Amino acid sequence: MYKIITPVLTIALVIMSCSNHTVLSRSKNYKTQNVMYQYGIVDALLAGVFDGYLSISELRKKGGFGLGTFNRADGELIAFNDTVYKVAYDGSVHRIANSDSTPFAMVKYFSADTVIFISGNNNYDNIQQRLKNYLNANSMYAIRMSGVYSKMTARAAAPGVKPYPTLGDLLKTNQNLFNFTNINGDCIGFFMPPYMARTNVPGFHFHFLSTDKTSGGHVFAFTTERLRIEIDEIETFVVENSKHPDFKKVNLAQDRSAELKRIE
């Protein structure tokens, strides 16, 4: 059974006219503009570009909700309620200092325009299928799923060592899986349309953080009987390319979609 709450607030895109162009306000006020900001691209991460120059303090200026990883592909990054957490390889969760950096992350200021309650015996796969009834296949969304998960399977990666392998090769030996039962928490993530492939992860991509902030990771599977799902449609998408030398020299001509599908 579904229940949809009518949106109480929609954030308008702040624009200004510049000759014959329409551009975002030069203030780049991410708090008032419905913008998702991304640093780096997923194909570079897949190819082994595990270091970047964007500090967590700078990332937090772009939004308080999102996900990614840290330099050396060290653990899973979760931005939630304006705080950045790392789920480490050993399963521990840490609040991250502003001086840490990331090679790949995406954040926005979250403001739900639709809220759905889903009940019944559901798993990650059929939640995705049910959600698609409410999403436009060509649009981008930030999504928060809150509730009690009877089962949750998540992962975190150990840091890579130079010379870095591809992400797929790193995860073959350097990731831990965590199996939680009856755990309360939030799945923080995004839905990206197919045309975003090679820049972002097409489809659904979530990281989990428990309510007590002691458990989490990249979501592989879950089961649940009731979820509150908040959906925030993204109007504008901004990508900042890494200036790290590894990004400048990596070969991005290769199609890594099959590799991405295996590890996601």
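What you see is a predicted model; the values in this text were computed from it and never measured. The figures that follow rest on heavy atoms only: side chains count, while hydrogens, waters and symmetry mates do not.
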| request: Report yes or no: do Y89 and Q175 form a side-chain donor-acceptor pair below 3.5 Å? | output: no
| Between E225 and N122, do the side chains contain an N or O donor and an N or O acceptor separated by less than 3.5 Å? | no
| query | What closest approach, in Å, do F237 and Q38 show between heavy atoms, and which atom pair accounts for it? | reply | CZ-OE1, 3.4 Å
| note | With S101 as partner, the option from I96, I56, N71 fulfilling side-chain contact (heavy atoms from CB on, under 4.5 Å) is N71
| request: Answer yes or no: is there a side-chain heavy-atom contact under 4.5 Å between R226 and F117? | output: yes
| message | Applying salt bridge (charged side-chain N to carboxylate O under 4.0 Å, His left out) to R198 and D43, what does each step give before you reach the verdict? | response | CA-CA 5 Å; R198 308 194 71 171; D43 264 20; 2.8 Å; yes
| message | I'd like to know if the side chain of T224 and the backbone of Y149 have a donor-acceptor N/O pair within less than 3.5 Å. | response | no
| task | Kindly compute the distance separating CG (L131) from CG (L135), expressed to the nearest 0.5 Å. | result | 5.5 Å
| query | Are any of the side-chain heavy atoms of T83 and I78 separated by less than 4.5 Å? | reply | no
| task | Could you check whether the rings of H205 and H218 sit parallel, tilted or perpendicular, using 30° and 60° as the cut-offs? | result | tilted
| Is there a side-chain contact between L209 and E76 (heavy atoms, below 4.5 Å)? | no
| Can Y109 and D232 be said to form a side-chain contact (heavy atoms from CB on, under 4.5 Å), step by step? | CA-CA 10 Å; Y109 285 97; D232 179 8; over 6 Å; no
| message | Which label fits F204 and F206: parallel for a plane angle under 30°, tilted from 30 to 60°, or perpendicular past 60°? | response | parallel
| About how many Å separate OG1 of T69 and CZ of F104, when rounded to the nearest 0.5 Å? | 9.5 Å
| task | Group every Ile, Leu, Val, Met, Phe, Trp and Tyr by side-chain heavy-atom contacts under 4.5 Å, then state whether M192 and L252 land in the same group. | result | yes
| said: Rounded to the nearest 0.5 Å, what separates atom CG in N184 from atom OG in S215? | reply: 11.5 Å
| note | dist F110:CZ -> I231:CD1 (nearest 0.5 Å) comes out at 8.5 Å
| request: State, with a plain yes or no, whether a side-chain heavy atom of T199 is found less than 4.5 Å away from one of V42. | output: no
| field | Candidate pair F190 and M106, rule side-chain contact (heavy atoms from CB on, under 4.5 Å), full reasoning | value | CA-CA 9 Å; F190 298 89; M106 63 205 78; 3.4 Å; yes
| Salt bridge present between R262 and E259 (N-O < 4.0 angstrom) | no
| query | Between A105 and L77, which heavy-atom pair has the shortest distance, and what is it? | reply | CB-CD1, 4.5 Å
| Does F220 belong to the same Ile/Leu/Val/Met/Phe/Trp/Tyr cluster as V93, with side-chain heavy atoms less than 4.5 Å apart forming each link? | no
| said: Checking side-chain polar atoms at under 3.5 Å, does S57 have a donor or acceptor matched by the opposite partner on N98? | reply: no
| What about the rings of H244 and Y53, do their centers lie closer together than 6.0 Å? | yes
| request: Show your reasoning for whether side-chain contact (heavy atoms from CB on, under 4.5 Å) applies to Y37 and E240. | output: CA-CA 8 Å; Y37 167 85; E240 180 178 350; 2.5 Å; yes
| remark: When every non-hydrogen atom of V87 is compared with those of G91, the smallest separation belongs to CG1-O, 4.4 Å
| request: Tell me whether V148 is reachable from F180 by hopping between hydrophobic residues (I, L, V, M, F, W, Y) whose side-chain heavy atoms are closer than 4.5 Å. | output: no
| query | Just by distance, with hydrogens left out, do R144 and S146 show a side-chain donor and acceptor under 3.5 Å apart? | reply | yes
| query | Do you know the tightest heavy-atom contact between A157 and A73? | reply | CB-O, 3.8 Å
| query | Between N34 and K108, does any side-chain donor sit less than 3.5 Å from a side-chain acceptor? | reply | yes
| query | Do M36 and E235 come close enough that some side-chain heavy atom pair is under 4.5 Å? | reply | no
| note | Taken to the nearest 0.5 Å, the spacing of F178 CZ from S210 OG works out to 12.0 Å
| said: Would you compute the distance between atom CD1 of I118 and atom CD1 of I116 and round it to the nearest 0.5 angstrom? | reply: 6.0 Å
| request: Assess the pair F50 and F70: is the distance between their ring centroids shorter than 6.0 Å? | output: no
| Would you say Y141's side chain and N136's backbone share a donor-acceptor pair under 3.5 angstrom? | yes
| Is D74 salt-bridged to K86, cutoff N-O under 4.0 Å? | yes
| task | Show the numbers, then the answer: is there a side-chain contact (heavy atoms from CB on, under 4.5 Å) between I41 and N200? | result | CA-CA 6 Å; I41 62 172; N200 202 296; over 6 Å; no
| task | Might you work through the salt bridge (charged side-chain N to carboxylate O under 4.0 Å, His left out) test for R60 and E58, ending with a clear yes or no? | result | CA-CA 5 Å; R60 291 178 65 241; E58 288 301 311; over 6 Å; no
| message | Give me the atom names and distance for the closest heavy-atom approach of G63 to V107. | response | N-CG2, 3.8 Å
| Going by atom types only, do T223 and N123 share a side-chain donor-acceptor pair under 3.5 Å? | no
| said: When you compare the side chains of S257 and D255, does any donor N or O come within less than 3.5 Å of an acceptor on the partner? | reply: yes
| request: Answer yes or no: is there a side-chain heavy-atom contact under 4.5 Å between C187 and M152? | output: yes
| said: Restricting to non-hydrogen atoms, name the atom on P194 and the atom on A137 that form the minimum distance, rounded to 0.1 Å. | reply: CD-O, 3.9 Å
| query | NZ of K213: more than 12 outside heavy atoms within 6.0 angstrom? | reply | yes
| query | Looking at side-chain heavy atoms only, is the closest gap between I188 and I143 below 4.5 Å? | reply | no
| query | Would you say the side chain of F247 lies within less than 4.5 Å of the side chain of D51, judging by non-hydrogen atoms? | reply | no
| request: Mark yes or no for whether Y39, through its side chain, and V239, through its backbone, hold a donor-acceptor pair below 3.5 Å. | output: no
| Close aromatic pair by centroid cut-off 6.0 Å: Y124 and F222 | yes
